[in-house]
Amino acid sequence: MATTAQTMAEKILARASGKSSVRAGEYVTAEVDRMMVNDVIIAMAPLIKEAGVTRLHDPDKLVVVFDHLFPAPTAKHADYIATSVGVLEALEVKNYLGAPGVSHQVMCERGYVLPGALVMGSDSHSTMYGAMGAAGAGIGTTEMLYLLATGSLWFQVPDTIRFNLVGELSPVVTSKDVVLSLIGRFGGDYGQYRAIEYGGEAAAAMTMSQRMTIANMGAEFGAKFAMFEADRKTVEFLRQATDEPVHRFAPDDGANYWAEHTIDVTALQPQIACPSSPENVRPVSEVAGTAIQQAYLGSCTNARLEDLRVAAEIVEGKQVAFGTRLLVAPASQQVLLEA
């Protein structure tokens, strides 16, 4: 009997729910491979006790990264963090990290996310794990609490949109420009509870950092998952970070997509999202000359080594304009040391 051809999201949810195949619209209960919790653990720690949870389903699957409120901005937050660390230790959680960088960056560069894995995070930009060929999604505090106690969640298998990126990016255009142009063209709700797959020659040519940027902004697209095929680059990147087996992962030939678009990126110009929505995207040339008071090179979307390198080339030999602040926050300690 022939096996049903599946998208990446369908293959992951089928495997995680113990099925040979699933189809879009179907409801499944799936075992999650990895959980990431950031500073929301501050609010969750007392809830764990109140819910009567005395042990986690699998403490080794949980990674906690203190990154949003670190260092603690108030004495109250500092107390909460100390309490949270005590709860984590009592629950035998070993993977909690002080301030190594932005949680999603740390998850990827330390090999906590593998191709074909189902990964849930307490942050909407957990879609970034799709750059590793994983199905990553953000969930709320109560969902995460249930997941920590049981190890599984229910999902509706999402429809999948396929973007085939073709052509070649010009030297001044980045992957951020690609995803901004797509959000501006299709709308910020186009991916609402749908999986997005990125493929094609331009996607294959992208570095892992470039893929992370696009997958990260699956949140701004409304997507459940935003994924790249795990190819040779993915395997090489992760084999430097983990001793776990790392394998390629891709959709099946003949998989059925809700929509499929071929996008030529060759003529794309640098893009900018204007106030006050990621959908309000224009070419930078249309707003050139607009005065700004602050520029920020950071966040979970960018601030990796290549971003810092480009910025350094632009400002070399120049000074930041009077009345404007330029803030730079490398994505992780590892990126800082590399820079």
Side-chain angles (χ1 to χ4, degrees), residues 31-114 117-132 134-153 212 216 219 238 241-244 298-300 303 329-336:
E31 185 173 336
V32 174
D33 299 298
R34 182 78 71 184
M35 291 83 85
M36 186 287 296
V37 171
N38 53 31
D39 300 69
V40 77
I41 194 72
I42 292 173
M44 195 188 303
L47 292 177
I48 291 175
K49 284 186 175 180
E50 289 171 17
V53 177
T54 57
R55 59 181 296 275
L56 302 187
H57 182 266
D58 188 345
D60 292 338
K61 287 186 176 181
L62 174 62
V63 180
V64 179
V65 186
F66 294 99
D67 66 346
H68 279 55
L69 299 170
F70 205 97
T74 68
K76 184 177 180 180
H77 283 102
D79 288 340
Y80 278 150
I81 289 173
T83 300
S84 299
V85 170
V87 172
L88 293 170
E89 290 180 344
L91 292 171
E92 300 181 350
V93 176
K94 301 180 182 67
N95 301 318
Y96 65 89
L97 311 171
V102 177
S103 56
H104 309 306
Q105 176 71 23
V106 172
M107 288 287 287
C108 293
E109 72 183 15
R110 296 200 179 190
Y112 286 121
V113 180
L114 299 177
L118 180 59
V119 186
M120 297 292 106
S122 63
D123 183 276
S124 61
H125 288 102
S126 298
T127 53
M128 188 171 119
Y129 308 142
M132 305 295 117
I139 57 176
T141 302
T142 50
E143 287 179 298
M144 182 60 76
L145 178 59
Y146 180 85
L147 176 58
L148 292 174
T150 67
S152 61
L153 277 179
M212 287 184 210
N216 183 287
L238 287 171
T242 180
D243 294 328
E244 296 289 326
S299 82
C300 56
S332 69
Q333 287 179 346
Q334 181 174 315
V335 171
L336 175 64

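In this text the structure is predicted, and so the values were computed from the model without any measurement.
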_Side-chain touch V65/H104, heavy atoms, less than 4.5 angstrom_ = no
*Can you check whether T74 reaches H77 side chain to side chain, under 4.5 Å on heavy atoms?*
yes
*Any donor-acceptor pair under 3.5 Å from S124 side chain to A219 backbone*: no
_Nearest 0.5 angstrom please: R110 CZ to N95 CG, how far?_
10.0 Å
*Taking the side chain as C-beta and beyond, is there a heavy-atom pair between V102 and C300 under 4.5 Å?*
yes
*What's the spacing between E31 CD and D58 CG if we round to 0.5 Å?*
8.0 Å
*Search all heavy atoms of P100 against all heavy atoms of L97 and return the closest pair with its distance.*
CG-CB, 3.7 Å
*How many angstroms lie between CE in M132 and SG in C108, if you round to the nearest 0.5 Å?*
4.0 Å
_Taking Y80's backbone N and O only, do any of them form a donor-acceptor pair with S84's side chain (distance below 3.5 Å, no angle check)?_
yes
*asked:* To the nearest 0.5 Å, what is the distance between CG on D123 and CG on N216?
replied: 8.5 Å
*Would a 4.5 Å heavy-atom cut-off, applied to side chains only, mark M107 and Y129 as touching?*
yes
_Quick check: closest heavy atoms across M120 and A135, and the distance to 0.1 Å?_
CE-O, 4.2 Å
_How close do G138 and S126 get, counting heavy atoms only, and between which atoms?_
N-CB, 3.9 Å
*Look at the side chain of N38 and the backbone N and O of S103, then say whether any donor-acceptor pair between them is shorter than 3.5 Å.*
no
*Find the distance between CZ (R55) and NE2 (H57) and round it off to the nearest 0.5 Å.*
7.5 Å
_Let's go through D67 and D39 carefully: what are the C-alpha distance in whole Å and the side-chain angles of both, what is the deciding distance for side-chain contact (heavy atoms from CB on, under 4.5 Å) to 0.1 Å, and is it a yes or a no?_
CA-CA 7 Å; D67 66 346; D39 300 69; 3.0 Å; yes
*Taking NZ, NE, NH1 and NH2 as the nitrogens, is one of them in K94 or E89 under 4.0 Å from a carboxylate oxygen of the other?*
no
*If we only count heavy atoms from C-beta on, is the L153 to Y146 side-chain gap below 4.5 Å?*
yes
_Heavy-atom side-chain contact between E92 and L56 under 4.5 Å_ = no
*Short side-chain to backbone donor-acceptor contact, S332 and Q105, under 3.5 Å*: no
*asked:* I'd like to know if the side chain of R34 and the backbone of L62 have a donor-acceptor N/O pair within less than 3.5 Å.
replied: no
*Test item: V32 and V119 side chains (from C-beta on) under 4.5 Å apart, heavy atoms*: no
*Indicate the atoms forming the closest heavy-atom contact of P330 with V335, along with that distance.*
CB-CG1, 4.1 Å
*asked:* Side chains of F66 and V64, heavy atoms from C-beta outward: is any pair under 4.5 Å?
replied: yes
*Can you measure from CD (E143) to CG (L148) and round to the nearest 0.5 angstrom?*
11.5 Å
*Heavy-atom pair of closest approach, residues A303 and A329*: CB-O, 3.2 Å
